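Just so it is clear, the model here is predicted, and its values are computed rather than measured.
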Amino acid sequence: MTEGDLERAILDYLAHLGVERGLADNTLSSYRRDLRRYLEHLGTIGRAVPAEVEEADVQAFVAVLRTGDDDHPPLGPASVARHVVTVRGLHRFWLREQLVMVDVAAEVRPPRPDQRLPKALPLDQVEAILEAAGAPGTTLARRDRALLEILYGTGARISEAVGIDVDDLDRDEGALLLRGKGGKQRIVPVGSYALAAIEAYLTTSRPLLVSATVSTPALFLNARGGRLSRQSAWTVLTRAARQAGVGVDVSPHTLRHSFATHLLDGGADVRVVQELLGHASVTTTQIYTLVTVDRLREVYAAAHPRAQR
């Protein structure tokens, strides 16, 4: 092959994507940008034809993407992963077209995304939010307090909480049916604080919210007597957090994270927490154990006489 064959081989791949695979123009533009940068990288290290490219060259490209260079800022894990997928597709195409004898990108893997630890609030902040929600003592305030007690007391997702029907709650047994993702159902225990808040709401507030024209089995109702929406439930929480002076971004998932973290801090088994959260795999739940380990490390560093230098 002659000078320029590397660029031509990349253009052939782009033509294959556009004509034979029929990729959309926007997607094709993304591939083109990624491969233009890959071509620049290969040019700077003296590669001129596909057969000259080695696995180390592909690995070096990934490293440059992550660290950046004089002309490009560092990319995040998701953007690097996209480039890797594009480059691996290119090398598979070259192998299939017999431009190379081996796929040197086959073993190159994108970097693992940074594991984001879930945010959990200290118990005193959770309690302050719950108190703020019910503080006015009005019809809607009692509903709001009951809703937030359920979110924190059961670890329910916001969609699960607003989807609760009155008949899903067994007040005698202290149990609640939740409908999770994919139609999966689970029964979770409900603590005394949440039960008391629900009882107050059902006896004094919900009857006032029930509409004469709209009939719904929903537990949590809006001011018009219909089922409370996810957006409105989110507003209930953010308003209560603001009134409580909790100066962090608080979402319904924050209460779910706090529920899980506080259980593990209290000695609950991770598989029990998995069942309560409705996670299909314990692997999903184990991210919360990282939070707990951080907490244990803090306590150890503060309390053990040989922990500090």
Side-chain angles (χ1 to χ4, degrees), residues 1-118 157-159 180-184 230 251 253 278-287 290:
M1 302 182 89
T2 60
E3 188 71 25
D5 280 338
L6 187 59
E7 182 176 4
R8 188 182 313 124
I10 290 177
L11 291 175
D12 287 344
Y13 177 56
L14 289 169
H16 162 76
L17 294 176
V19 177
E20 297 185 32
R21 291 184 53 186
L23 294 188
D25 289 343
N26 287 342
T27 304
L28 200 57
S29 295
S30 178
Y31 273 82
R32 188 176 294 111
R33 285 193 301 271
D34 293 351
L35 291 175
R36 185 181 301 118
R37 185 165 181 188
Y38 186 49
L39 179 63
E40 292 173 2
H41 166 74
L42 294 177
T44 60
I45 57 178
R47 306 301 184 222
V49 296
E52 292 179 352
V53 182
E54 302 175 355
E55 180 177 331
D57 301 333
V58 185
Q59 297 282 14
F61 179 59
V62 175
V64 170
L65 292 174
R66 298 193 67 180
T67 60
D69 55 29
D70 292 341
D71 300 317
H72 304 92
L75 297 182
S79 296
V80 175
R82 189 196 69 230
H83 280 75
V84 171
V85 169
T86 301
V87 169
R88 289 182 65 184
L90 171 69
H91 282 274
R92 282 196 303 272
F93 173 77
W94 284 351
L95 180 64
R96 192 164 57 248
E97 295 297 306
Q98 298 182 342
L99 297 179
V100 296
M101 299 298 294
V102 62
D103 180 357
V104 298
E107 299 302 319
V108 177
R109 296 288 182 268
R112 296 183 63 180
D114 296 333
Q115 194 167 35
R116 296 180 180 178
L117 296 180
R157 301 177 178 92
I158 187 66
S159 57
K181 295 181 177 179
K184 294 181 180 179
R230 292 175 69 254
S251 71
H253 242 62
H279 286 161
S281 169
V282 72
T283 304
T284 309
T285 316
Q286 283 174 334
I287 188 173
L290 299 178

Engineer: Does a donor on one side chain and an acceptor on the other come within less than 3.5 Å for Asp103 and His91?
Structural biologist: no
Engineer: Given side chains that start at C-beta, do those of Val80 and Val84 come closer than 4.5 Å, heavy atoms only?
Structural biologist: yes
Engineer: Side-chain contact, heavy-atom cut-off 4.5 Å: Val85 with Arg82?
Structural biologist: no
Engineer: Can you check whether Arg109 reaches Arg88 side chain to side chain, under 4.5 Å on heavy atoms?
Structural biologist: yes
Engineer: So do the side chains of Val87 and Val108 get within less than 4.5 Å of each other, counting heavy atoms only?
Structural biologist: no
Engineer: If you measure from CZ on Arg96 to OH on Tyr13, what distance do you get to the nearest 0.5 Å?
Structural biologist: 8.0 Å
Engineer: Does Asp34 use its side chain to pair, donor to acceptor, with the backbone of Tyr31 at less than 3.5 Å?
Structural biologist: no
Engineer: Determine whether Leu75 and Arg37 make a side-chain contact, defined as any pair of heavy atoms from C-beta on separated by less than 4.5 Å.
Structural biologist: yes
Engineer: Measuring from atom NE2 of His16 to atom CG of Leu23, what distance do you get when rounded to the nearest 0.5 angstrom?
Structural biologist: 8.5 Å
Engineer: Could you measure the distance from the CZ atom of Phe93 to the CD atom of Glu20? Nearest 0.5 Å is fine.
Structural biologist: 7.0 Å
Engineer: Does the side chain of Asp12 reach to within under 4.5 Å of the side chain of Glu97, using non-hydrogen atoms?
Structural biologist: no
Engineer: Provide the closest heavy-atom pair for Pro50 versus Trp94 in the form atom of the first, atom of the second, distance.
Structural biologist: CB-CE3, 3.5 Å
Engineer: Between Glu54 and Gln59, is there a side-chain heavy-atom distance shorter than 4.5 Å?
Structural biologist: no
Engineer: As an exercise, state the distance from CG of Leu90 to CG of Leu35, rounded to the nearest 0.5 Å.
Structural biologist: 5.5 Å
Engineer: Can you measure from CG (Leu39) to CZ (Arg32) and round to the nearest 0.5 angstrom?
Structural biologist: 13.0 Å
Engineer: Could you list all the ring-ring contact (aromatic ring centres under 6.0 Å, His included) pairs where at least one residue sits in residues 49-78, not counting sequence neighbours?
Structural biologist: Tyr38-Phe61, His41-Phe61
Engineer: If every non-hydrogen atom of Gly46 is compared with every non-hydrogen atom of Glu52, which pair is closest and at what distance?
Structural biologist: O-OE1, 3.7 Å
